Protein chains: 2
Amino acid sequence: MSTAQGARARARIEVTAAIKDEARRQLAVEGAAKLSLRAVARELGMASSALYRYFRSRDELLTALIIDAYDSLGEAAEASYAAVGGESPAGQWVAVCEGVREWALARPHEYALIYGSPVPGYTAPDTTVPAASRVGRLLIRIVRDAYQAKGEAQWKVPAELRPEARRMAEELAPDLPPETVVVLAGAWAQLFGLVNFEVFGQFHRVVEDREAFFRHAAGQLAHHVGLVYPQSEAAAR
Amino acid sequence: MSTAQGARARARIEVTAAIKDEARRQLAVEGAAKLSLRAVARELGMASSALYRYFRSRDELLTALIIDAYDSLGEAAEASYAAVGGESPAGQWVAVCEGVREWALARPHEYALIYGSPVPGYTAPDTTVPAASRVGRLLIRIVRDAYQAKGEAQWKVPAELRPEARRMAEELAPDLPPETVVVLAGAWAQLFGLVNFEVFGQFHRVVEDREAFFRHAAGQLAHHVGLVYPQSEAAAR
DNA sequence: CCGATGCAAGAGCGGTGCTCTCGTTTGGGG
DNA sequence: CCCCAAACGAGAGCACCGCTCTTGCATCGG
């Protein structure tokens, strides 16, 4: 068993976790650019050189934090999804969007790590891919479940995009119409555009009631991907 | 006249420009995080300390580059707008979106400077506001011109958002219906969500034919803000 | 013409990432 | 059970960083 490892391996895991925790702490205070290996080591009471036994470089530490951040965000999104349970697909969609937003607002620096400018010179290893796609997969699932019930494509895609749409559908969601997959990918990017602008302060002096604004925008995105827009539901009664 | 200043002032302007140029050059190669004042000075054949006569700190240099980047992007967007001339509002919208995208893809590091994670600890001075809002103002203009011709609101905004919608409309575009202003602000953020994902590599292994994808998404955004979607125009004939 | 001002250079401070070396600890196979 | 290789921590050191302070020099205005 992996838990029955020797004391050495156990200590290694603990120290690694301690380093990441302290790094995350500094990240939350100063941001990624000012994350200093020496400061982490100092805070942990060890020599800076000892740290290199656990992470080959600063970038490797950052990579570990990036993966953790993706996973944390994915968990938050999935928790929001689970929390609304049997609500309408649009309600699920909006809940997931709000979960993402709240996670991002609570840890802006970790968010910046994964959805801000990439670390210069550094390209994300494929290790990050599964963690990075959790939110996207969740959004796909919501739409797919909605289509399972009553489903037909309702968008037209221009001819020039049709082969790409087919390819995307095949790779990402074989049981959804290609047009929907294209629209979904767009909505996915647009969701993070909204979150980005809010977290990075681009809405300064533009949008003030950001919570209501976001809820509305997320609802419109839901409508856009073919889910019934909650407001229009309510207005119909 | 300001142009008839002494040789001293003239030299100052030239050196300042040279510093910014060299900094931009390094930016394009290494990214903002690795921009080094010492390296800039070295390349310019001057002592690093001399550089502080022109920029009080590294952050101030970055701020200057940020303003320039905003202006450069604004100019690119306006050029795209001017280039399509009398086309339909939706055509103008898509052209501006594509102008933004192309500018961003051509200078990813400058784009990251303004739409990526903000520089840590640094908050953009209000100096940047006018330059930063150029693209937004251009999008507003396109929609306003379209409404000038035949205009009525076509979105409903939930009650909780109505006061904010009124406030936004009053401040940003008094001659547009509040609902439209809200949708427009969302589309603005979403546009940069699309560009962000492409420039920062989030579409890796998801979207391959990014040009066609973007054109389609931009067209849908145009449709979303109430402009006639070009494809549906063509399909209607 | 001379004094005030702008400017460049150098030295230096405290910090960084990272490497290399050198003792020490420790765990598993003979 | 014991011993050796592997893992580990610490320290010194390299090259670089942003930034400051002081010192001379050039230049401009009265």
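Since the model is a prediction, treat every value here as computed from it, not as a measurement. Proteins come first, then strands; the chains are lettered A, B, ... in the order of their sequence lines, and each starts at number 1.
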* **Rounded interatomic separation in angstrom, taking CZ from B:R42 and P from D:dG18** => 9 Å
* To do: Fit a plane to each ring of A:Y70 and A:Y115, take the angle between them on a 0 to 90° scale, and name the class: parallel (under 30°), tilted (30 to 60°) or perpendicular (over 60°).
  => perpendicular
* Return the nearest nucleotide to the side chain of B:L37; candidates are C:dC18, C:dA8, D:dG18. => D:dG18
* Salt bridge check: are B:E22 and B:R25 linked by an N-O gap of less than 4.0 Å? -> yes
* In whole Å, what is the span from the CZ atom of A:R38 to the C1' atom of D:dA10? -> 13 Å
* Structure fact -> When A:R58 and B:S48 are each assigned the nearest nucleotide of DNA chain C, the 5'-most assignment goes to B:S48
* Spacing between A:R53 atom CZ and C:dC22 atom C1', to the nearest angstrom -> 11 Å
* **Rounded distance (Å) that lies between atom P of C:dG15 and atom CD of A:E30** => 13 Å
* Provide, to the nearest angstrom, the distance between the CZ atom belonging to B:R56 and the C1' atom belonging to C:dG6. => 16 Å
* Report which part of the nucleic acid B:S49 touches: base, sugar-phosphate, or nothing (heavy-atom distance under 4.0 Å, all strands). => base
* Is it the case that more than 12 heavy atoms not belonging to A:R137 sit under 6.0 Å from its CZ atom? -> yes
* Provide, to the nearest angstrom, the distance between the CZ atom belonging to A:R12 and the P atom belonging to C:dG27. => 14 Å
* Asked: Counting any heavy atom closer than 4.0 Å, what does A:L35 reach on the DNA or RNA strands: base, sugar-phosphate only, or nothing?
  -> sugar-phosphate
* Using a cut-off of strictly less than 4.0 Å, decide whether B:S36 has a side-chain nitrogen or oxygen near OP1 or OP2 of D:dG18. => yes
* Among D:dA10, D:dC19, C:dT19, the one nearest A:Y52 by side-chain distance -> C:dT19
* What is the nucleic acid contact for A:L44, judged by heavy atoms within less than 4.0 Å: base, sugar-phosphate only, or nothing? -> nothing
* Salt-bridge present (A:R167, A:E170; N to O < 4.0 Å) -> no
* Sidechain N-carboxylate O distance under 4.0 Å for B:R24, B:D68 -> yes
* To the nearest Å, give me how far apart OH (B:Y54) and P (D:dC19) are. => 18 Å
* To do: In whole angstrom, give the distance that lies between atom CE of B:M46 and atom P of D:dA26.
  => 16 Å
